[in-house]
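The sequence lines fix the lettering, A, B, ..., with proteins before strands; numbering per chain opens at 1. Scope of the values below: all heavy atoms of this structure, side chains included, with no hydrogens, waters or symmetry mates.
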Protein chains: 2
Amino acid sequence: MPDRLCHDIVNFCTKHHATCREARFAPRSLIIEESATAHYTFLVRRGTVKLSKSMPNGRSQIVGFVGAGHILGTSSQELYMFRAEAITDVTVNRLSRAMFEDILVNAPDILSRLLEETTAQLVTIQERLLALGRKTAREKLASFLLREATRNNGPNIQLPFSLQMSRADIADYLGLSTETVSRLMSIFHQEKMIHRSRQEVRLLAPSRLASMACTIL
Amino acid sequence: MPDRLCHDIVNFCTKHHATCREARFAPRSLIIEESATAHYTFLVRRGTVKLSKSMPNGRSQIVGFVGAGHILGTSSQELYMFRAEAITDVTVNRLSRAMFEDILVNAPDILSRLLEETTAQLVTIQERLLALGRKTAREKLASFLLREATRNNGPNIQLPFSLQMSRADIADYLGLSTETVSRLMSIFHQEKMIHRSRQEVRLLAPSRLASMACTIL
DNA sequence: CGGCATCTTGAAATTAGTCAACCGTCGTGG
DNA sequence: CCACGACGGTTGACTAATTTCAAGATGCCG
């Protein structure tokens, strides 16, 4: 269970008679709107959330897909700097920013684990910076599939798994067009590196994918 | 002085008879090698440092240019996940990772400011994710020039300033080729949006640049 | 079964990258 | 003191990768 931290925060709240409401979101529903006033901090407890940023002309970039244990809205900025949308059924706990600050001041244990968590995120996002800036479309998709496979099946990388997100989402995550993603899926399929039905994917040649992904991961 | 945090960390060290050696680096010298064992945490006190990651085939992506006040090597990972190189004369304080952990445990004040700092970095890097994934070359360079101008001259955005980094560095920062950067500089110059000599740049039409950058910043 | 979403595929267009030549500056050594 | 070479920057011509536009195919839900 990797949401120990969220769990402990909720516990802390109840122990101190602080409100920490639970809320549910159906797939496709909006959790946080970009540029809205940041009243709350959200603890993701179940499901997968898509974080994205967008530009005037409708282009958008998915900053990350996050799951249970992730904490949203910790920045001290006045406004949310991203959009959060449920892609599966999602459960969150919601607490006011002020309360969250309070907890950090009064529970140094939580503070230090949050720092650890945030630092880890920084490291992964730097990896993504490299991918977005310097990888080719093939390399991007190969890394993505490998990461999703491990995220779903842990070490059993060859087991089939279901992509929870649409082709458009994958495209926005990798900085590509949906058509390119679709084409590459077909090519990987033809090249017998993956087996693909609509949502289900199975990696047939993870080692070839890995060498193509150009990443030691 | 935005390196108050580093300053306080150094103070804490000296007060507790902990070693926190000062070191100097000339331009182009290597401060941290990617994948080396992460023995130390570095506090940047003066100068500008280039942080980058690279791929097998020689492609590389600059993760950020950071200055006084920035702290390197805070991740709990065994190895450094990036390379750090001085681009100007640089002064750092260096302390062992164990000691750094110690400080965080014993100085909750520093811990909480570090979290704040790290969270802020996360927000800016997300902005960069959008830029790398979804902006065109023109938009990337326009945003870059605007940011550098404000970084150098604060609000006086029209004052000339010197780019401390080479065209190749700019390219690696924006995920472009040096030729593209060079060409765009010429085009912006022709279009009278900037005045450019080798290292000196002056923004002539910041508002046009801003609208081109597609960023509300 | 029909209609709408998403996905796939193809052809054309465009952007940015590669390769190659050239220029200018700076520093070094003859 | 000048010539040379190295390096960074610029420019051009060409190439390759990816996007865009457009048309179908597939599958899902009412």
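Using modelled atom types and a 3.5 Å distance limit, the side chains of A/N93 and A/R21 yield no donor-acceptor pair. At a cut-off of 3.5 Å, with distance as the only test, a side-chain donor of A/E34 or A/S54 sits close to an acceptor on the other residue. Using modelled atom types and a 3.5 Å distance limit, the side chains of B/Q164 and B/R151 yield a donor-acceptor pair.
Looking at residues 173-181 of chain A, you'll see A/E179 sit with a heavy atom under 4.0 Å from some atom of DNA chain C.
Classification of B/D172 and B/K50 as a salt-bridged pair fails, no side-chain N sitting under 4.0 Å from a carboxylate O.
For the OP1/OP2 pair of C/dT8 and a distance below 4.0 Å, the side-chain nitrogens and oxygens of A/R196 include at least one atom meeting the criterion.
In the helix from C/dT6-D/dA25 to C/dG30-D/dC1, the terminal helix axes, each the rotation mapping four pairs' C1' atoms onto the next four within five end pairs, subtend 30°, rounded to 10°.
Comparing D/dT11, C/dC7, D/dT18 by their nearest atom to the side chain of A/S182 picks out C/dC7. Side-chain atoms of B/S166 lie closest to D/dG9 of the nucleotides C/dT8, D/dT11, D/dG9.
If you measure from atom CE of A/M165 to atom P of C/dT6, you get 15 Å, rounded to the nearest angstrom. In this structure, A/L141 atom CG and C/dT8 atom P are separated by 11 Å, rounded to whole Å. Rounded to a whole Å, the CD atom of A/Q199 is 14 Å from the C1' atom of C/dT8. Per the geometry, NZ belonging to A/K135 stands 18 Å off P belonging to D/dA17, to the nearest Å. Atom NZ in B/K140 sits about 9 Å away from atom C1' in C/dA16, given to the nearest Å. Nucleotide C/dC7 holds its P atom 9 Å from the CE atom of A/M185, rounded to whole Å. The CD atom of A/Q164 sits 18 Å away from the C1' atom of C/dT6 (whole-angstrom rounding). Atom CZ of A/R134 is separated from atom C1' of C/dA16 by 11 Å (rounded to the nearest Å).
At least one test fails for B/R183 against the ring of B/F188: distance under 6.0 Å to the centre or angle within 45° of the axis.
For C/dA5, the base adopts the syn conformation, since its glycosidic angle falls within 90 degrees of zero.
Side-chain contact between B/C6 and B/R45 is present, with heavy atoms from C-beta onward closer than 4.5 Å. Using a 4.5 Å heavy-atom cutoff, the side chains of A/C13 and A/L95 are in contact. You'll find the side chain of B/L163 reaches within 4.5 Å of the side chain of B/M185, heavy atoms only. A heavy-atom distance below 4.5 Å is found between the side chains of A/L203 and A/V201.
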Report, one pair per line, the protein and nucleotides 24-30 of chain D atoms (nitrogen or oxygen only) whose separation is under 3.5 Å.
from: D/dG27; atom 1: O4'; to: A/R198; atom 2: NH1; distance (Å): 3.4

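Dense packing is recorded around OH of A/Y80, with more than 12 heavy atoms of other residues, nucleotides or ligands lying under 6.0 Å away.
Counting only distance, with no hydrogens or angles, the side chain of A/H189 and the backbone of A/R196 share a donor-acceptor pair below 3.5 Å.
Residue B/R183 places a side-chain atom within donor-acceptor reach of the base of C/dT18, judged by atom type and a 3.5 Å distance cut-off alone.
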Set out, in order, the CA-CA distance, both residues' side-chain angles and the distance that settles side chain to side chain donor-acceptor pair (under 3.5 Å) for A/K135 and A/S143, then state yes or no. CA-CA 10 Å; A/K135 284 190 182 173; A/S143 342; 3.1 Å; yes
